[in-house]
Amino acid sequence: MAYVSGFDPDDGRGLRGRARMHTDRQGHPTMAQAPRVRFAPSPTGYLHVGGARTALFNWLYAKQTGGVFVLRIEDTDRERSTGESTATILDGMAWLGLSWDEGPVHQADGLERHRADAARMLADGSAYRCFCTPLVLQAKRDAMKDEYRYDRTCYGVPADESARRAAAGEPFTVRFRVPGGATEWDDVVHGPTRFANESIEDFIVLRTDGTPIYNLAVVSDDIDMRITHVIRGDDHISNTPKQILLYQALGAGVPTFAHLPMILGPDGRKLSKRRNAVAVGDYAGSGILPAALVNFLALLGWNPGDEQEVMTLDELVQRFSLERINKKGAVFDTGKLEWMNGQHLARTPSADLLPLVAPLLVGAGLLTEADVDARRDWLLWLLDLTKVRARTVPEIAEQARVFLADPAGYDPEVAAKQWKDREQAASVLDAVAARLRTVQPWEPAGIEAGLREAAEAAGLGFGKVVHPLRLALTGGGASPGIDQVVALLGREVTLRRIEAAKAWLAAGA
RNA sequence: GCCGCCAUCGUCUAGGGGUCUAGGACGCCGCCCUCUCACGGCGGUAACCGGGGUUCGAAUCCCCGUGGCGGUACCA
């Protein structure tokens with residue numbers, strides 16, 4: 001074991017501050033190793049986008065460095081934790097493509113270790129039993145108002161008395177005895193950060209019922225899992241000094257901390273379930289691609305340093321760096337997310353999109369399960385045309401509708417313009433139909449050529465033919481190129497729809 | 001209240017003392033491409049929170065103020 005030059009094992013300063021040097025539980029320095037990071041959600045709801053972004057950054061860092069990504073479920077609050085919620089979170093992770101290397105481990109399973117750690121601190125004096133009841137504490141709080149901080153009454157209880165009372169069955173919590181001085185660390189995103197210890201009260205680490213409080217559980221687990229980098233939301237900044245104190249009391253090396261900026265709602269306030277769509281599942285359900293959400297989330301608080309914005313997961317892994325994370329909270333802009341999704345949609349192979357779109361089409365009664373297989377190539381072609389014009393998966397399905405079912409009617413505004421002169425419109429459609437009956441082979445180029453010939457023969461500009469035809473075929477004024485539409489629809493359907501349009505025009509409705 | 005974090009176009013952001021008359025992206029508005037829509041291309045709109053310093057020079061460094069956010073639990 002070679003010490004880093006300049007590191008004096010007898011000089012405690014060497015372990016303070018940046019805490020780059022890791023030690024095992026016995027305090028022996030260990031060689032620099034592959035990073036171990038973790039995502040530690042509490043299972044009290046679903047996976048929200050803030051958590052997803054935290055998970056993503058941890059995952060990206062692990063992937064990029066060849067490190068290990070551990071998933072830990074923080075279920076020490078047994079009242080609020082549910083298995084259902086855990087399942088939802090796991091689903092969300094899987095959907096995003098964020099696989100974990102270890103876990104999920106349940107924090108509640110570490111109960112014995114948490115207690116043992118508290119006992120160790122009790123034994124060596126870095127913690128003490130507190131016999132103050134909630135009632136007493138509340139009274140003190142009320143009396144001192146904003147000035148309140150635990151007054152260390154029970155720190156004054158002699159060790160033998162403390163042990164005697166505990167043995168006699170008197171309920172107690174375990175409080176950490178906060179030392180004097182200051183606690184600091186060099187945050188990867190915030191830089192040097194320092195808290196005066198006197199601003200921290202002697203916080204409880206073990207409840208009356210012997211279960212650990214968050215800060216103890218986290219530190220105990222992170223030590224146990226040999227976590228090297230704690231990457232989490234910056235709402236944890238003020239927990240960090242407490243946790244560092246715990247690491248030190250437990251004789252463990254302090255990991256590197258990186259605190260990520262919060263994700264805010266459009267009102268600039270913290271994202272809220274009440275006001276905003278925050279569950280990852282909401283986005284899955286509304287036709288957002290995981291790749292797009294991941295890409296978008298990655299750009300909230302981080303950027304690659306150049307102007308590329310649309311990136312695949314692999315590219316993100318390649319380019320990610322903790323150093324380029326910024327400090328300012330970021331507003332979650334759904335408009336940009338949708339744009340991002342459109343970009344990813346357009347780049348996704350249609351074969352990959354089909355499984356997402358087909359169920360919507362089947363669900364709408366436009367297709368049978370059997371059709372999905374039988375007309376696969378045709379459907380892929382359809383997706384090629386629609387995916388570049390859509391921003392969400394349901395939008396693709398919407399646009400596909402008119403290729404699977406005859407138009408339910410004709411857009412009045414478009415009709416007023418393109419079929420203004422009904423007689424002429426009918427005759428144009430007639431000419432087009434006549435020409436299309438003989439086009440051979442039935443493919444876009446030949447079809448377009450045919451339409452141009454028809455237009456020329458009628459002495460009309462191409463547009464004068466295309467627009468009335470588009471309306472007849474799709475019922476509206478916007479669609480993929482007419483050559484594609486006609487080709488995709490097929491001769492039979494095209495001619496049928498033209499006849500239907502002519503009938504509508506003749507009816508003079 | 002106390003402790004801490006943060007502060008560039010409406011939004012995401014670039015920017016590490018001069019190259020900033022502040023760059024890119026979303027949105028919006030024009031134009032081009034064109035059979036429409038979308039894509040794409042081109043152009044426009046729009047920002048350094050305020051005040052003091054430091055400096056020959058500050059978006060960049062320091063201080064104060066203001067604002068936003070987080071913590072201050074036998075929640076996580």
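To find a chain, count down the sequence lines: A is the first, B the second, and so on, and within it residues start at 1. Computed from heavy atoms alone, side chains included, the values below leave out hydrogens, waters and symmetry copies.
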Original post:
For residues 291-304 of chain A, which residues have at least one heavy atom under 4.0 Å from RNA chain B?
Top reply: Leu299(A), Leu300(A), Gly301(A), Asn303(A)
**OP:** Using the test salt bridge (Lys or Arg N to Asp or Glu O under 4.0 Å), find all partners of Glu453(A) that sit at least two apart in sequence or belong to another chain.
**Re:** Arg435(A)
**OP:** Kindly write out the residues that satisfy side-chain hydrogen bond (donor to acceptor under 3.5 Å, both in side chains) with Asn197(A), not counting sequence neighbours, or none if the list is empty.
**Re:** Thr183(A)
Subject >> Nearest-angstrom distance from the residue atom NZ of Lys336(A) to P of rC28(B) >> reply: 13 Å
Original post:
Is Ala330(A) touching bases, backbone alone, or none of the nucleic acid, heavy atoms closer than 4.0 Å?
Top reply: sugar-phosphate
Subject >> Rounded distance in Å between the P positions of rG50(B) and rA7(B) >> reply: 14 Å
Subject >> Results of ring pair (Phe, Tyr, Trp, His ring centres under 6.0 Å) for Phe39(A) - residues two or more places apart only >> reply: none
Original post:
Which base, if any, makes a Watson-Crick or G-U wobble pair with rU21(B), both distances under 3.5 Å?
Top reply: none
**OP:** Would you kindly give the NE2-to-C1' distance between His344(A) and rC26(B), to the nearest whole Å?
**Re:** 14 Å
Subject >> Separation of atom CD in Glu307(A) from atom P in rG23(B), rounded to whole Å >> reply: 11 Å
**OP:** Indicate for each nucleotide in nucleotides 29-40 of chain B, in 5' to 3' sequence, whether protein heavy atoms under 4.0 Å reach the base (B), only the sugar-phosphate (S), or nothing (-).
**Re:** ------BBBB-S
Subject >> Ring centre gap for Tyr150(A) and Phe203(A) strictly below 6.0 Å >> reply: no
**OP:** Based on the glycosidic angle (syn within 90° of 0, else anti), state the conformation of rG50(B).
**Re:** anti
Original post:
With ring centroids as reference points, do Phe320(A) and Trp302(A) lie under 6.0 angstrom apart?
Top reply: yes
Original post:
Is rA46(B) paired to anything, Watson-Crick or G-U wobble with both distances less than 3.5 Å, and if yes, which nucleotide?
Top reply: none
Original post:
How far, in whole Å, is rC5(B) from rA47(B) if one measures between their C1' atoms?
Top reply: 23 Å
Original post:
Going by the side chain to side chain donor-acceptor pair (under 3.5 Å) test, which pairs reach into residues 37-49 of chain A, not counting sequence neighbours?
Top reply: Arg38(A)-Asp222(A)
Original post:
In whole Å, what separates the C1' atom of rA14(B) from that of rG24(B)?
Top reply: 7 Å
**OP:** For the pair Glu338(A) and Lys336(A), find out whether any cationic side-chain nitrogen is under 4.0 Å from an anionic carboxylate oxygen.
**Re:** no
Subject >> Integer angstrom distance from the P of rG10(B) to that of rA46(B) >> reply: 10 Å
Can you give me every donor-acceptor pair (side chain of residues 476-489 of chain A, partner residue at least two apart or in another chain, under 3.5 Å) with its distance?
{"from": "Ser479(A)", "atom 1": "OG", "to": "Arg470(A)", "atom 2": "NE", "distance (Å)": "2.8"}
{"from": "Gln484(A)", "atom 1": "OE1", "to": "Trp381(A)", "atom 2": "NE1", "distance (Å)": "3.1"}

Subject >> Residues forming a ring pair (Phe, Tyr, Trp, His ring centres under 6.0 Å) with Tyr155(A), sequence neighbours excluded >> reply: Tyr128(A)
**OP:** Determine the Euclidean distance between corresponding C1' atoms of rC20(B) and rC62(B); express it in Å to zero decimal places.
**Re:** 22 Å
**OP:** Using the P atom as the reference point in each nucleotide, state the distance between rU8(B) and rC61(B) in Å, no decimals.
**Re:** 13 Å
Subject >> Rounded distance in Å - CG (Asp333(A)) to C1' (rC9(B)) >> reply: 14 Å
**OP:** Considering only atom P, compute the distance from rC31(B) to rG70(B) and round it to an integer number of Å.
**Re:** 45 Å
Original post:
Can a salt bridge be assigned to the pair Glu398(A) and Arg401(A) using a cut-off of 4.0 Å between side-chain N and carboxylate O?
Top reply: no
Subject >> Any residue meeting side-chain hydrogen bond (donor to acceptor under 3.5 Å, both in side chains) with Lys242(A), in chain and number order, not counting sequence neighbours >> reply: none
**OP:** Scan every strand shown for a Watson-Crick or G-U wobble partner of rG10(B), both distances under 3.5 Å, and answer none if you come up empty.
**Re:** rC26(B)
**OP:** Output all residues satisfying side-chain hydrogen bond (donor to acceptor under 3.5 Å, both in side chains) with Asn58(A), sequence neighbours left out; order by chain, then residue number.
**Re:** none
**OP:** Please state how far atom CD in Glu338(A) lies from atom P in rU11(B), giving the value in whole angstrom units.
**Re:** 19 Å
Subject >> Sugar-phosphate only, base, or nothing, as touched by His190(A) at under 4.0 Å among non-hydrogen atoms >> reply: sugar-phosphate
Subject >> Nucleotide rC5(B), atom P - distance to CG of Leu260(A) in whole Å >> reply: 17 Å
Original post:
Whole Å only: how far is the CD atom of Gln243(A) from the C1' atom of rG4(B)?
Top reply: 15 Å
Original post:
Under the side chain to side chain donor-acceptor pair (under 3.5 Å) rule, what pairs show up with a residue in residues 321-332 of chain A, not counting sequence neighbours?
Top reply: Asn303(A)-Arg324(A)
Original post:
Rounded to whole angstroms, how far apart are CG on Leu245(A) and C1' on rC3(B)?
Top reply: 15 Å
**OP:** Look at the side chain of Lys327(A) and the base of rA7(B), then say whether one donor and one acceptor between them are separated by less than 3.5 Å.
**Re:** no
Original post:
Considering only the C1' atoms, how many Å lie between rG53(B) and rU72(B), rounded to the nearest integer?
Top reply: 34 Å
**OP:** State yes or no: are the ring centers of His236(A) and Tyr214(A) separated by less than 6.0 Å?
**Re:** yes
**OP:** Can you tell me the pairing partner of rG16(B) across any strand shown, Watson-Crick or G-U wobble, with both distances under 3.5 angstrom?
**Re:** none
**OP:** Once you apply the 3.5 Å cut-off to both distances, tell me the Watson-Crick or G-U wobble partner of rC31(B), or none.
**Re:** rG41(B)
Original post:
Going 5' to 3' along nucleotides 65-76 of chain B, which nucleotides have protein heavy atoms under 4.0 Å from the base (write B), which only from the sugar-phosphate (write S), and which from neither (write -)?
Top reply: ----SSS-SBBB
